[in-house]
There are 2 protein chains.
Amino acid sequence: MSLAQLEYFVAVAEEEHVGRAALRLHISQPPLSRHIRRLEEELGAPLFERTPRGMRLLPTGERFLTHARRVLAAVDEARRCLEPEPPPDAPSAT
Amino acid sequence: MSLAQLEYFVAVAEEEHVGRAALRLHISQPPLSRHIRRLEEELGAPLFERTPRGMRLLPTGERFLTHARRVLAAVDEARRCLEPEPPPDAPSAT
DNA sequence: GCGATCCCATACCGTTTCGGTATGGGGCGG
DNA sequence: CCGCCCCATACCGAAACGGTATGGGATCGC
């Protein structure tokens, strides 16, 4: 499991469509399909139901989505905690 | 930034020693040094102080360590949320 | 029913990343 | 001065990634 795979999974879950998710992620569709499939294999459980109209989250996928977002949020916080502090004379309120 | 890098960072931070951390992670020392350095480059800030005895966390590294552990914990939870439930007749107490 | 269309999945290829071995450079202790 | 213990760099083969081309299945219009 990689952070990229989690981002990919979230995008597909939200779009319910591999093609649109690929556009949003700026990669092409086949690698994205592969990542999703490999993630499912690694987790040992399918996350999506493949329908003629696209992808729909299974209950397992719904649960995983919550945790995936939590991971990505934690990564964002980790990045932010290192950002240089804004200048003392904050332009926001003063 | 990758999950592997976060694991590597935590191990080096805990061991304060690249060589021991490498043993613990079952990889060799040079790739581990590279990962740490590349993580620092990506974050734009050094995380460790290099001493003749090993590596010591800088204040920035201490802050980042907290967040790195949070990310890895969230990943663990994500994995766990998919595990098959234990059988109803729990063997723990019977 | 047939062809066009829209999905996702697979095959193949070039590039990049990763991990391992060998080696360099610097500080500390005998 | 010499050996030892650190981390850093150089180089190489293996694995993973992303892109293009293509296949297989289902739906819609005719």
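Just so it is clear: chains get the letters A, B, ... in the order the sequence lines come, proteins before strands, and each one is counted from 1.
Proximity of B:Ser33 to the phosphate of D:dA8: a side-chain N or O atom is located under 4.0 Å from OP1 or OP2. Listed pair A:Arg50 / C:dA9 meets the phosphate criterion, a side-chain N or O lying under 4.0 Å from OP1 or OP2. Side-chain nitrogen and oxygen atoms of A:Ser28 include none within less than 4.0 Å of the OP1 or OP2 phosphate oxygen of D:dG18. The side chain of A:His35 places no N or O atom within less than 4.0 Å of a non-bridging phosphate oxygen (OP1 or OP2) of D:dA16. In this structure, A:His26 does not reach the D:dG18 phosphate: none of its side-chain N or O atoms is under 4.0 Å from OP1 or OP2. Phosphate proximity of C:dG19 to B:Tyr8: present, with a side-chain N or O under 4.0 Å from OP1 or OP2. Distances shown here put a side-chain N or O of B:Arg38 below 4.0 Å from the OP1 or OP2 atom of C:dC18. Between B:Arg53 and C:dG27 there is no side-chain polar atom (N or O) within less than 4.0 angstrom of OP1 or OP2.
Counting to the nearest Å, the P atom of C:dC18 and the CD atom of B:Glu7 are 14 Å from each other. With rounding to whole Å, A:Met55 atom CE is found 7 Å from C:dC8 atom P. Counting to the nearest Å, the P atom of D:dT20 and the CG atom of A:Leu32 are 14 Å from each other. In this structure, the CG atom of B:Leu23 is 14 Å from the C1' atom of C:dG20, given to the nearest Å. To the nearest angstrom, C1' of D:dA16 lies 16 Å from CG of A:Leu3. Nucleotide D:dC6 holds its C1' atom 15 Å from the CD1 atom of B:Ile36, rounded to whole Å. Put simply, CZ on B:Arg34 is 9 Å from C1' on D:dT9, counting in whole angstrom units. Going from atom CD of B:Gln5 over to atom P of C:dC18 covers 7 Å, rounded to whole Å.
Residues A:Glu16 and A:Arg53 are not in side-chain contact: their nearest non-hydrogen atoms beyond the backbone lie 4.5 Å or more apart. Taking 4.5 Å as the limit, some side-chain heavy atom of A:Leu39 sits within range of a side-chain heavy atom of A:Phe64. In this structure, the side chains of A:His17 and A:Val12 stay at 4.5 Å or more apart for every pair of heavy atoms.
Distance check: A:Ile36 CD1 to A:Met55 CE gives 6.0 Å after rounding to the nearest 0.5 Å.
Using a 4.0 Å heavy-atom distance criterion, B:Pro31 is classed as a base contact. The residue B:Arg37 sits close only to the backbone: its heavy atoms come under 4.0 Å of sugar-phosphate atoms, none of a base.
Separation of the A:Phe48 and A:Phe9 ring centroids falls under the 6.0 Å cut-off.
Heavy-atom nearest nucleotides on DNA chain D were determined for B:Pro30 and for B:His17, and the one closer to the 5' end corresponds to B:His17.
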